[in-house]
Structures are given as C-alpha cells and as structure tokens.
Amino acid sequence: MVNRKLFGVFLVCFLISFTSCKDEESPVENKKPNIVFILADDLGAHDLSYAGSTYYETPNIDAIAKEGVSFVQGYAAAQVCSPSRASIMLGQSTARHGITDWIGAATGKKWGDERNTKVLPPEYERALKEEDITIAEALKAEGYKTFFAGKWHLGDEPYSPENNGFDINKGGWEVGSPKGGYYAPWDNPKLDYKHEGESLTKRLGQETADFITDNKDKPFFAFLSFYAVHGPIETTEDKWRKYRNKAEEMGIKSTGYKMERILPIRTVQDNPIYAGLIETMDEAVGIVMQRLKELGLDDNTIVVFTSDNGGVASGDAFSTTNYPLRGGKGYQWEGGIREPYLIKAPMFKNTPKVVDYPVSGIDFYPTLLEFAGVDIPKNHLLEGVSLVPLLKGETLAERPLFWHYPHYGNQGGEPVSIIRKGDWKLIHYYEDGRDELYNLKQDLDEKENVLGKRPQLAQELKKELTDYLTQTGAKRPEVNVDYDGIKAAELQKKRKTEMLQNLEKQRKEFLKSDFEPNKNWFDSKTTKD
C-alpha cells in the first residue's frame, strides 16, 4: 500500500517544480519586446550597399535589411534634420508640431538681409513642446528603461533628452553636428572622450551596447542617434586609402558635378572620406547588433534603421549622390526625403522582405507602441499609422503624406509644401506660387512636370494640401520687399562657374594618392612632435 503522506509530499514537490518551470519560462514568453532605434544623420537612400551602392560598404546595416523588412518607399518627414527628428519623436508632421526648420536657422528679415531671397522664411518652434508626449515618454510610462545616445538637436535645456522621456543621455545636446569633429578631443558637455583619437561614432555604439548589457533583464528602448554622416566629413587615413584605391579601380570619372536649379550637385559616389565615415558608422551598428546576439536578446528585440533626411549632394560637404533620385538634403525632390527605412521584427515569422507602400517617419511612433502593447497616450494627436499590418503581409488603405518646409535649404532647396498620394506628388512653391506634379511610378527622378496634362488631379491635390495646412495652422513665408534681383543673378552666375570648378578641383584632390588633410588625419591619430 502506498504511503499517503509520502505520496502527498511527492505530489506537492512535483506541482511546485512544474509551476516553477512555467514561471521561469513565462517571463521570456510574455516579456515586452526590446526596441533599438538607430538613426543616421544625412544618410541617403542609396548610400548603403544593400540599396545599390557599389562604392560604400555597409555589411552590418545590410544584415538588418536581410533579416528584416525594407520599406522601399520610406520617407523622412522633412528634408532637414530637426523637423524630421521631431516627427519621429511625436508621430506628427512638421506642420502639426511646428518645428519646420533645423533649430538655429535664421528667419524673417534677418534671413533676407543675409541671403537676399525672394521670400522671408517664417518663425518656427525651437524645441519640442512641453505638453507633447514623446515616444520615449510613452514607453517609459509602461515600464521601459529608456536610453539616448548621440545627436539631439531638438532644443537646449530644459528641452534635453532627459526632460523628454530618456532615463540616460550620452552625448545629446543642442548642436546638430559633432562639435570638435569625429575624433577626440571633441567638445560635448554630455559625453567626454576617453583618449585622444577616440572615434565618437564608435563610442556612441559602445555606449548603446553597454546600456543593453546593463538592462538585459528588463524591457528597454535604446535610441542610437548618430552624428554621422553629417559634416564635417572625416575619416582615418586607412579608410581613406581603401576607398581612394577602390575609386581608382572602379574608374574615376572626368567630372563629378552638374548644375541643379540653384547649386551644383554631385553626380557620382567617389568621395573616399565620406565612404570611410559611412563604414565607421556601419561598424558602430555592428557593435550593437553583436551585443544583442551575445546576450541572446536578438530574438526579442525590434531594430529600426533609418535616416533623418536625404544624402548631402549639394551644399554643406557635397558628399554623395542620391541617383536615380533627384536632389538631396534640403531639396523638395525625392533625393531630399527618401530614406533607408528598415524594421527587423524577429518575433514575426514570414514577413515580406520588401514593402512597396509609402511610409514616413511619423509612422514609427504608432508602430513601435503597438509592438510594445502600449496604448496611444490620451490627448496626444497622432498622424502616423501603425505598420504592423504590413509586416504581417497585410495591406493598408491609401492615405496622403504631407511635408511643410517654408524655408530655404542651405543645399539649394526652395520653400515648399508637398502632398504625396498614391503615385502622385504635388509640390507647391512659395516664391512664385507655381506647382509641380509628378507621377513617381513612371518618373521617379522627377524630370517631367505633368501639371498641364492632369489639371483636374493637380487641383484636387492642391486643395487637399491647402486644407491640411489651414487645419494645422501652418506658417507661410512672406514676400521680401528688399529682394535684389540683379545681385541674385550675379551670385547665380558665380555658382555656375567658380563654384562648379572649385568643387571639381576639390574632388580630384581627395582622390590624389598623396592627399593629406593634416598631419594627424582629423585627429584620428595622435602625433608625437
């Protein structure tokens, strides 16, 4: 006869053991997904090897594309940085949140006196509004540990990352470029360097990886916001030589620029300094992705990779070409607003490799909150849509996308508002009130303005755009009564001659076998005198 007391003890132990096993497994099964958001600065849609570049090498970012979903009609919400970044943080268009230019840009008469333009750009918000709820604040309220590293450029104190939902901030402050350069000694009150010659880009990747290690047992939201590949364009001598030799092997073209509407624009990818800067950023991405794998977190971590605006093809450092897209950073054409747009969600099986649906930076907010099982905050007006259905292979209804940039880009872009709906894109220009209409399916490089062929469609799109701008209270430019047309024509003539010639000369200097920017290569190596 079985001893009932012993049997009872055995049964209790068995049940405790079984329950313990289930309890140990259930947190893994039910744990909210971690989120790593990687944002490049000024990286063009075709600045990555997976996206068609035969010059730049980006194996770590390519791996995200291979393992995740590539949205081939991915857009930034603006053609310059601060507005685009605000839209990611808030899930709203620039007309809605009011940050319509990079923070620090001049407006009104001050701009007109300095630049002699036909219209005067309006004032804009200089920081995220205190009442707005950022994606970090929404996730933090639901138990996520939040982290920010790198470029902020969304307001000075008290509008820092720490006051917008991020528990930890490494290197995010008011400036939009790496003050002091990419190699230590740099100047950043939120991130000191460890040794001279240290790479800022790799340091940001390392800080992000270390945060992941420290918080591996709880849900986290890590926002890695590179200063790269914004100017100044800098790299090491080894990387410059690698890409200088590669350009020679591929065949250096006799010319690398042509005139766009206002400024010269780069037509080839053969800048070895820029290529080295891209590779360093890719290596920093690799540091983060490798840490996720080492810790066994990659199967429960959503990874996003994107950029804040198009590659710099004109103005600034004239770094790259976005061909076959027209224009680049600051421009109203596709080269200014189309981006790498990758989402890796390993918890979803059989996701499509490519999605051909127009998406925007405003869509990350609702998408990531749905992944995290977090409700949209009450009283927060959201304009983006969740892309989770697309990741499941489902469809979304057609909707309009809007851009409002009533400013002049330093790169040659003009004050405009834009609507994209279906295959059609209408651009409204504030200098003279004209419009351009493009069929992006048939004319991706925006060569043929078909406004005269489709007047009814143009009128409908224009009305929808105008109604939206009115609804959001969007600010428009004013006429510059002091505009000097003769002076402007003289400047334009110089751009077509002197500037074009100087750019070609500089391009060839970068590709000379004995090129040397200075003795320590942008501070990337220390010298002993």
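None of these values were measured; they are calculated from a predicted model.
Note on ring orientation: taking the six-membered ring where Trp is involved, the planes of W333 and Y331 are parallel (angle under 30°, cut-offs 30° and 60°). Ring geometry for F37 versus F364: interplanar angle over 60°, hence perpendicular rather than tilted (30 to 60°). Using a 30° and 60° split on the angle between ring planes, F515 and W240 fall in the tilted class, from 30° to 60°.
A side-chain N or O of T320 and one of Y56 form a donor-acceptor pair less than 3.5 Å apart. For R85 and S225, the side-chain atoms include at least one donor-acceptor pair closer than 3.5 Å. For the residue pair D356 and Q73, a side-chain donor N or O sits within less than 3.5 Å of a side-chain acceptor on the partner.
Under the 4.0 Å criterion applied to side-chain N and carboxylate O atoms, D443 and K425 are not assigned as salt-bridge partners. Salt bridge annotation for R261-E431: absent, with no cationic side-chain nitrogen under 4.0 angstrom from a carboxylate oxygen. Between K487 and E490, none of the side-chain N atoms (NZ, or NE/NH1/NH2) sits under 4.0 Å from a carboxylate O, so this pair counts as no salt bridge. Under a 4.0 Å N-O distance rule, the pair E460/K463 does not qualify as a salt bridge. At a threshold of 4.0 Å, the pair K329-D316 counts as salt-bridged, since one of the basic side-chain nitrogens sits closer than that to a carboxylate oxygen. In summary, K151 and D42 do not engage in a salt bridge, as defined by a charged side-chain N under 4.0 Å from a carboxylate O.
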**Asked** What's the verdict on side-chain contact (heavy atoms from CB on, under 4.5 Å) for W424 and L437, showing C-alpha distance, side-chain angles and the deciding distance?
**Response** CA-CA 7 Å; W424 297 95; L437 179 67; 3.9 Å; yes
**Item:** side-chain contact (heavy atoms from CB on, under 4.5 Å) between L204 and L191, intermediate numbers included
**Value:** CA-CA 9 Å; L204 294 173; L191 187 68; 3.8 Å; yes
**Request:** Take R96 and Y468, measure what side-chain contact (heavy atoms from CB on, under 4.5 Å) needs, and give me the verdict at the end.
**Result:** CA-CA 10 Å; R96 179 76 61 183; Y468 177 77; 4.2 Å; yes
**Request:** Apply the test side-chain contact (heavy atoms from CB on, under 4.5 Å) to residues I61 and M281: give CA-CA distance (whole Å), side-chain angles for both, the deciding distance (0.1 Å), then the verdict.
**Result:** CA-CA 9 Å; I61 300 170; M281 181 185 68; 4.0 Å; yes
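With a 4.5 Å cut-off on side-chain heavy atoms, Q269 and M250 do not count as touching. The shortest distance between side-chain heavy atoms of Y429 and Q332 falls below 4.5 Å. At a threshold of 4.5 Å between non-hydrogen side-chain atoms, the residues E448 and Q442 do not count as touching. No side-chain heavy atom of H407 sits less than 4.5 Å from a side-chain heavy atom of P415. With a 4.5 Å cut-off on side-chain heavy atoms, F318 and V312 do not count as touching. Inter-residue side-chain proximity for L440 and E446 is flagged as met; some heavy-atom pair is nearer than 4.5 Å. No side-chain heavy atom of Y405 sits under 4.5 Å from any side-chain heavy atom of T100. Between E414 and Y430 there is no side-chain heavy-atom pair separated by less than 4.5 Å.
When the options L224, L43, I343 are evaluated for a side-chain contact (heavy atoms from CB on, under 4.5 Å) with F305, the one that passes is L43.
Heavy atoms only, all atoms of each residue included: S82 and H153 are closest at OG-O, 2.9 Å. When all heavy atoms are compared, the tightest approach of P272 to T235 is O-CG2, 4.3 Å. Looking at every heavy atom in both residues, L426 comes nearest to D435 through CD2-OD1, 4.3 Å. When all heavy atoms of A488 and N116 are compared, the pair lying nearest together is N-ND2, 3.7 Å. Of all non-hydrogen atoms in G412 and L263, the two that sit nearest each other are N-CD1, 3.7 Å. Closest of all the heavy-atom pairs between D187 and W173 is O-CZ2, 3.5 Å.
Rounding to the nearest 0.5 Å gives a distance of 8.5 Å between CG of D363 and CG of L382. Distance check: Y124 OH to H404 NE2 gives 13.5 Å after rounding to the nearest 0.5 Å. In this structure, the separation between CD on E114 and NZ on K109 is 10.5 Å, given to the nearest 0.5 Å. For the atom pair L401 CG and E383 CD, the distance stands at 10.5 Å (nearest 0.5 Å). For the atom pair CG of D132 and CG of L381, the computed distance is 9.5 Å after rounding to the nearest 0.5 Å.
At least one donor-acceptor pair closer than 3.5 Å links the side chain of W403 to the backbone N or O of A76. Between the side chain of S87 and the backbone N or O of Q92, at least one donor-acceptor pair lies under 3.5 Å. In this structure a side-chain-to-backbone donor-acceptor pair under 3.5 Å is present from N322 to G327. Between the side chain of Y341 and the backbone N or O of S360 there is at least one donor-acceptor pair closer than 3.5 Å. Without hydrogens or angle criteria, T58 side chain to S49 main chain gives a donor-acceptor distance under 3.5 Å.
Other residues, nucleotides and ligands place no more than 12 heavy atoms under 6.0 Å from the OH atom of Y159. Under a cut-off of 6.0 angstrom, the local environment of CD in E130 is sparse, with at most 12 non-hydrogen atoms contributed by other residues, nucleotides or ligands. Residue K239 qualifies as enclosed at atom NZ: its count of foreign heavy atoms under 6.0 Å is above 12. Environment of CD in E123: crowded, with over 12 heavy atoms of neighbouring residues, nucleotides or ligands closer than 6.0 Å. A 6.0 Å sphere centred on NZ of K505 holds no more than 12 heavy atoms belonging to other residues, nucleotides or ligands. Around CG of N518, the count of heavy atoms belonging to other residues, nucleotides or ligands within 6.0 Å exceeds 12. More than 12 heavy atoms of other residues, nucleotides or ligands lie within 6.0 Å of OH in Y50, so this atom counts as buried by the packing criterion.
Under the ring-ring contact (aromatic ring centres under 6.0 Å, His included) criterion, W152 pairs with F148, sequence neighbours left out.
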